[in-house]
Amino acid sequence: MRVDLLTLFPGMFPGYLEQSLLNKARTRGLVDVRVHDIRQWSRDKHHKVDDRPFGGGPGMVLRVEPVVESVEAIRQQGGQAARLVLLTPQGRRLTQGVVEELASVPQLILLCGRYEGFDQRVIDILQPDEISIGDYVLNGGEVGAMVVIDAVIRLIPGVLGHAGSSREDSFSGGNRWLEFAQYTRPREYRGHAVPEILLSGDHQAIARWRQEQSYQKTQQRRADLLDPAASPPDAAPRKELP
Ligand code: 6GU
């Protein structure tokens, strides 16, 4: 998969791109991430890409020409059907379902906004998929773009070490339960012991216990994720909410 990032702050990305899972995926050729500075497409000798809003008001607006032309240039470089995503608090909310959709395309172009926003004609002309990462306001789309990349690349075959680990994630493939608690050595620390059952060697009982744990945690913390029509796991007694 190819990912093109369009931003006014390309310096925000190298640290993130060079770490851990993403770096491994890049060096193994599973993803090709390229960062582009929108200023490259400015016609202005000072590389200005923003201007004062018509009608007045505070802040600056990103101009239509450099943004539209940068996206067109990158689409041509990719030479395939690219999906254009605009990171904005006005977009549809990012969910695992949206992430799965984005992970299925050959090229993603992530357009990061700043200032008071884009000239509306950017949106009218390019018709991007507008995405928000949550109900709060960030200074720009860059962190949102990192969130999208982070969530998308773990769904690309071969990126995760253990083939099952993305399938078993709590928000994947219709599974909407929170994770069960995990433990490793030591068996006891400051009076906190590992639950006996995990040391029992009874794999069926362990699987049942984990299901119960997941279900109860979800019921207590995120009851909104549970499908009221679905039944709880056999062994899980229905626990009343506090
Ligand atoms: Cl993607 N961008 C900005 N600027 N603010 C946001 C956001 C994105 N998602 C939530 N708030």
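Every heavy atom of this structure was used, including side-chain atoms; hydrogens, water molecules and symmetry mates were not. Numbers for residues simply follow the sequence, beginning at 1. Atoms within each ligand, like the ligands themselves, are counted from 1 in listed order. Everything quoted here is computed from the prediction, not taken from an experiment.
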Exercise: identify the closest heavy-atom pair between Ile133 and Arg93: C-CD, 4.4 Å

Protein heavy atom at shortest distance from atom 10 (C) of ligand 1: Gly134 O, 3.0 Å

4.0 Å heavy-atom contact, Leu94 with ligand 1: no

Close N or O approach (Tyr136, ligand 1; < 3.5 Å): yes

Point-to-point distance, once rounded to the nearest 0.5 Å, from CG of Leu110 to NE2 of His36: 10.0 Å

N or O pair under 3.5 Å between Ile133 and ligand 1: yes

Option of least heavy-atom distance to atom 2 (N) of ligand 1 (set: Gly113, Gly144, Pro89): Pro89

Test log, rule salt bridge (Lys or Arg N to Asp or Glu O under 4.0 Å), inputs Lys217 and Glu179: CA-CA 8 Å; Lys217 193 192 270 185; Glu179 299 287 342; over 6 Å; no

Lys/Arg-Asp/Glu bridge criterion (N-O < 4.0 Å) met for Arg43, Glu69: yes

Residue and atom name of the nearest protein heavy atom (relative to atom 4 (N) of ligand 1), distance in Å to one decimal: Leu138 O, 3.2 Å

Enumerated ligand 1 atoms positioned under 4.0 Å from heavy atoms of Leu87: 1 (Cl)

Asp51/Arg63 salt bridge by N-O under 4.0 Å criterion: yes

